[in-house]
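See below for the structure under consideration.
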2 protein chains.
Amino acid sequence: MSISSRFSVGIHILALLEINKDGKNTSELLASSVNTNPALIRKIMGMLKKAGLVEIHPGIAGAKLAKGLSEITFLDVYQAVNVVNENELFSVHDNPNPNCTVGRNIQESIMPIFSNAQLALETTLSKVTIEDVVMDIVHKEHENTSK
Amino acid sequence: MSISSRFSVGIHILALLEINKDGKNTSELLASSVNTNPALIRKIMGMLKKAGLVEIHPGIAGAKLAKGLSEITFLDVYQAVNVVNENELFSVHDNPNPNCTVGRNIQESIMPIFSNAQLALETTLSKVTIEDVVMDIVHKEHENTSK
DNA sequence: TTACCTGTAACTATAATAGTTACATTTCAT
DNA sequence: ATGAAATGTAACTATTATAGTTACAGGTAA
């Protein structure tokens, strides 16, 4: 099991929109950077648009961030690209046997624990923004070019 | 995406081994409580055994906990049933374009953040034990029978 | 030695991901 | 207004993981 790479691709896209903010960020250019298909990028862009993270218009080339860099958290992207439904990171087996002590209580007993773990993960994601990534990338670039 | 129910089934099994510790916990009995197939239970039991959480022997009916109740954490089970590989909860798209500033840095930039989020999740899981679940189930049972 | 159990291989059905092709629709430059 | 260039989507494929199932080899004990 693994959380879809739509998430990392979404972050890639948003970071690129900032770093290449003066360029023409078409789905083809973005696809070339991510190394995938323009149609796939457009799908993900559609999700980011729906979540209010980017501005795009049919027929008009390019996309822009719809919010400030520091206002877009990893959690926003994570939710935008729909990799995990609310409270469904962990799946719980259904229809356990109601004639068994464990069977009739396990779901209610486990679910709050799973929710907590999911919340811990999401809280961590909510503390990182696209700005952090962009700064990190710029920093890494500088490190390398100055060698 | 969703983390396999092997995890919740594993917890179910371990809790039942405790609550029914004086009974004969065959894969068939466990399967009936979980509401699935004995062969599937045996597969999961095999994983729990490999992780040192239960004692089973070929030909001999029943299984027992191999550790104290409070010594088995949710994280132990999570790792035992192999639902998520180490540092692979999030998948990162591979082969991003090395000719692009973002492409050549995104992986290194994102991966530590993902690791942190995964760590937060796993830390939460490490703080809950099978004992907690058993106590909760016993408590819930008492609540209902005393109505 | 028979009945019962565990361990496992092999198979199926279902669903999600990632990728791809194709095309309708929209916009802008000429 | 016409054509070039984008976006938006539907439809399809391949691959993989999950969950479930059947079947049977091998161990154990009454």
Side-chain angles (χ1 to χ4, degrees), chain A residues 1-10 12-13 17 23-51 53-64 66 78 81-85 88-96, chain B residues 1-10 12-13 17 23-51 53-64 66 78 81-85 88-96:
Chain A
M1 188 293 309
S2 187
I3 290 174
S4 167
S5 64
R6 282 201 302 278
F7 184 23
S8 63
V9 171
H12 185 139
I13 290 172
L17 290 187
K24 196 170 76 165
N25 294 303
T26 65
S27 62
E28 192 172 337
L29 182 142
L30 294 168
S32 128
S33 173
V34 171
N35 189 27
T36 183
N37 196 290
L40 193 58
I41 294 293
R42 291 199 289 273
K43 267 188 213 165
I44 296 176
M45 293 291 285
M47 295 179 179
L48 297 176
K49 179 184 185 180
K50 205 169 175 181
L53 304 184
V54 299
E55 275 180 30
I56 342 174
H57 304 281
I60 303 182
K64 289 184 182 176
Y78 171 88
V81 299
N82 208 24
V83 283
V84 172
N85 293 332
E88 289 183 12
L89 174 56
F90 298 93
S91 53
V92 178
H93 56 295
D94 40 30
N95 305 316
Chain B
M1 189 291 312
S2 187
I3 289 173
S4 167
S5 63
R6 282 200 303 276
F7 184 23
S8 63
V9 171
H12 185 138
I13 290 172
L17 289 186
K24 197 170 75 165
N25 294 304
T26 64
S27 62
E28 191 171 339
L29 182 143
L30 293 169
S32 128
S33 174
V34 170
N35 189 27
T36 182
N37 196 288
L40 193 57
I41 295 292
R42 290 199 288 272
K43 267 189 213 164
I44 296 176
M45 294 290 286
M47 296 179 179
L48 297 176
K49 179 184 184 179
K50 204 170 176 181
L53 304 183
V54 298
E55 274 180 30
I56 342 175
H57 303 280
I60 304 182
K64 288 184 181 176
Y78 171 89
V81 298
N82 208 23
V83 283
V84 172
N85 293 332
E88 288 183 13
L89 175 56
F90 298 93
S91 52
V92 177
H93 56 295
D94 40 31
N95 304 319

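Lettering of chains follows the sequences in order, A, B, ..., and the numbering in each one begins at 1.
Picking from dT22(D), dG8(D), dA6(D) the nucleotide with the shortest atom distance to the side chain of Ala39(B) gives dT22(D). The side chain of Lys24(B) lies closest to dC5(C), out of dC5(C), dA18(C), dT6(C). When each of dT26(C), dT20(C), dA23(D) is scored by its nearest atom to the side-chain atoms of Asn37(A), the top-ranked nucleotide is dT20(C). Between dA6(D), dA18(C), dG8(D), one nucleotide has an atom nearer to the side chain of Leu40(A) than all others, and that is dA18(C). Nearest nucleotide to the Ile60(A) side chain, out of dT9(D), dT27(C), dA18(C): dT27(C).
Residue-level contact check: Thr36(A) touches the backbone only, with heavy atoms under 4.0 Å from sugar-phosphate atoms and none from bases. Residue contacts for His57(A): at a heavy-atom cut-off of 4.0 Å it reaches the sugar-phosphate backbone alone, with no base atom in range. Residue-level contact check: Lys50(B) touches neither bases nor backbone, having no heavy atom under 4.0 Å from any strand. Ala61(B) comes within 4.0 angstrom of the backbone, heavy atoms only, and of no base.
Using a 4.0 Å cut-off, some side-chain N or O of Ser4(A) falls inside it from OP1 or OP2 of dA18(C). The phosphate of dA19(D) has OP1 or OP2 within less than 4.0 Å of a side-chain N or O from Ser5(B). The shortest distance between the side-chain N/O atoms of Ser27(B) and the OP1/OP2 oxygens of dT6(C) is below 4.0 Å. For the OP1/OP2 pair of dT17(C) and a distance below 4.0 Å, the side-chain nitrogens and oxygens of Arg6(A) include at least one atom meeting the criterion.
In this structure, Arg42(A) atom CZ and dA18(C) atom P are separated by 18 Å, rounded to whole Å. Straight-line distance from the CD atom of Glu28(A) to the P atom of dA4(D): 16 Å, rounded to whole Å. One atom, NZ of Lys49(B), and another, C1' of dC5(C), lie 12 Å apart when rounded to the nearest Å. Straight-line distance from the CG atom of Asn25(A) to the C1' atom of dA6(D): 13 Å, rounded to whole Å. If you take CD of Glu88(A) and P of dA15(C), they are 15 Å apart, rounded to a whole angstrom. When rounded to the nearest whole Å, the span between CD1 of Ile41(B) and P of dT6(C) equals 11 Å. The interatomic distance linking Leu29(A) (CG) with dT7(D) (C1') rounds to 15 Å, in whole Å. In this entry the distance linking CE of Met47(B) with P of dT6(C) reads 17 Å, nearest Å.
The backbone N or O of Ser91(B) lies less than 3.5 Å from no partner atom in the side chain of Ser5(A), so there is not a single donor-acceptor pair. Side-chain N or O atoms of Ser2(B) include one that pairs as donor or acceptor with a backbone N or O of Glu88(A) at under 3.5 Å.
Within the model, atoms CD of Glu55(A) and CE of Met45(A) stand 11.0 Å from one another, a figure rounded to the nearest 0.5 Å.
At a cut-off of 3.5 angstrom, the base of dT20(C) holds at least one donor-acceptor pair with the side chain of Lys43(A).
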Criterion side-chain contact (heavy atoms from CB on, under 4.5 Å) on Ile44(B) and Ile41(B), from CA distance to verdict: CA-CA 5 Å; Ile44(B) 296 176; Ile41(B) 295 292; 5.5 Å; no
Full working for side-chain contact (heavy atoms from CB on, under 4.5 Å) between Leu30(B) and Leu17(B): CA-CA 9 Å; Leu30(B) 293 169; Leu17(B) 289 186; 4.3 Å; yes
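Residue order along DNA chain C, read from the 5' end via each residue's closest nucleotide, puts Pro58(B) first among Ser91(B) and Pro58(B). Nearer the 5' end of DNA chain C, as judged by each residue's closest nucleotide, is the contact made by Gly62(B), out of Gly62(B) and Ser2(A).
Residues His12(A) and Pro96(B) form a side-chain contact, since some pair of their non-hydrogen atoms from C-beta on lies under 4.5 Å apart.
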